[in-house]
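Structure, as structure tokens:
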Amino acid sequence: MCWSAAASRARRPGAVAFRAVCACGWRSAAQYPLDWGTIDDRPLYEADVDLAGPLDDWTAHLSVVREAAVPLPEPLAALLVEMTGQLTAAAADAPVAALRAAGVLERIAARVGRDAASALCDDGMSAEAVATALGTTRSKPWSCS
């Protein structure tokens, strides 16, 4: 999640409010006031700014996006959970082995991802439909070329 505050470099005059935004382009409708008297010259992340509202907005946005996602088949989801546990344990006990395994998985994921994307392109599926099925929204240009 990112914060949109549009504050000036000099901080005065600064933004009067901020909101949650997402890499997909979504921006929360709600804006949350900023009290520069309290914030002073500190960066927002160091100031005592209440983030509950924007976090709730962003969480709600993610829930909507995830609900539209195609569910993973249960055996595949279970395998991914198991692999996560194994890799996490290996990172603590044998970090070089975990790093090697992560590299192998990256190569597998890249190859399978290209194959799946190619199949979707062959089926004529739009980038927006792919993004929705993946539980995200389209944030970068994507095409079947």
Side-chain angles (χ1 to χ4, degrees), residues 1-7 9 11 14-36 38-145:
M1 174 174 67
C2 298
W3 308 107
S4 176
R9 273 193 184 272
R11 297 273 206 195
V16 296
F18 72 114
R19 67 176 71 187
V21 299
C22 184
C24 74
W26 169 87
R27 302 170 82 79
S28 73
Q31 294 187 9
Y32 300 90
L34 290 169
D35 178 5
W36 289 104
T38 303
I39 296 169
D40 197 31
D41 288 329
R42 294 178 292 167
L44 289 179
Y45 63 87
E46 289 180 2
D48 189 22
V49 176
D50 181 9
L51 303 177
L55 283 171
D56 288 345
D57 295 346
W58 189 61
T59 300
H61 165 67
L62 290 182
S63 294
V64 169
V65 171
R66 284 186 190 123
E67 286 174 12
V70 171
L72 291 176
E74 187 54 41
L76 181 56
L79 178 61
L80 292 171
V81 168
E82 174 64 21
M83 285 177 46
T84 300
Q86 292 286 335
L87 287 169
T88 300
D93 300 337
V96 174
L99 192 57
R100 182 173 179 213
V104 169
L105 286 173
E106 284 179 347
R107 289 186 292 280
I108 292 169
R111 181 180 45 79
V112 171
R114 282 190 305 272
D115 292 347
S118 178
L120 293 173
C121 286
D122 290 348
D123 290 345
M125 193 172 204
S126 72
E128 289 81 8
V130 171
T132 298
L134 294 176
T136 186
T137 55
R138 183 177 176 189
S139 61
K140 295 181 181 175
W142 181 85
S143 64
C144 296
S145 50

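Hydrogens, waters and symmetry mates play no part in the numbers below; they use all other heavy atoms, side chains included. Computed from a predicted model, the values in this text were never measured in an experiment.
Residue pairs meeting the side chain to side chain donor-acceptor pair (under 3.5 Å) criterion with at least one member in residues 110-120: none, sequence neighbours excluded.
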Solution key, residues 93-106 side-chain donor-acceptor pairs under 3.5 Å, sequence neighbours excluded:
none

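Arg19 is listed as a side-chain neighbour of Val21, based on a closest heavy-atom distance under 4.5 Å. Annotation: side chain of Asp57 is in contact with side chain of Tyr32 (closest heavy-atom distance under 4.5 Å). Between Trp58 and Leu51, the closest side-chain pair of non-hydrogen atoms is not below 4.5 Å.
Listed by chain and residue number, Thr38 satisfy the side-chain hydrogen bond (donor to acceptor under 3.5 Å, both in side chains) test with Asp35 (two or more places apart in sequence, or in another chain). By the side-chain contact (heavy atoms from CB on, under 4.5 Å) test, Glu74 pairs with Ala78, sequence neighbours left out. Residues that satisfy the side-chain hydrogen bond (donor to acceptor under 3.5 Å, both in side chains) test with Thr84, not counting sequence neighbours, are absent from this structure. Under the rule for a side-chain contact (heavy atoms from CB on, under 4.5 Å), the partners of Ala47 that lie at least two apart in sequence or sit in another chain are Ile39, Arg42, Val49.
In this structure, Pro33 and Phe18 approach most closely via the heavy-atom pair O-CE2, 4.2 Å. Scanning both residues, Trp26 and Ala20, for their nearest heavy atoms gives CZ3-O, 3.7 Å.
Considering OG1 of Thr59 and CZ of Arg66, their distance stands at 8.0 Å, rounded to 0.5 Å. Summarising the geometry, atom CG belonging to Leu79 is positioned 10.5 Å from atom CD belonging to Gln86; distances are rounded to the nearest 0.5 Å.
A donor-acceptor pair is defined here as one N or O able to donate and one able to accept, closer than 3.5 Å; such a pair exists between the side chain of Asp50 and the backbone of Ala52.
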> Going through the checks in order, is the side-chain contact (heavy atoms from CB on, under 4.5 Å) test met by Ser28 and His61?
Replying inline: CA-CA 8 Å; Ser28 73; His61 165 67; over 6 Å; no
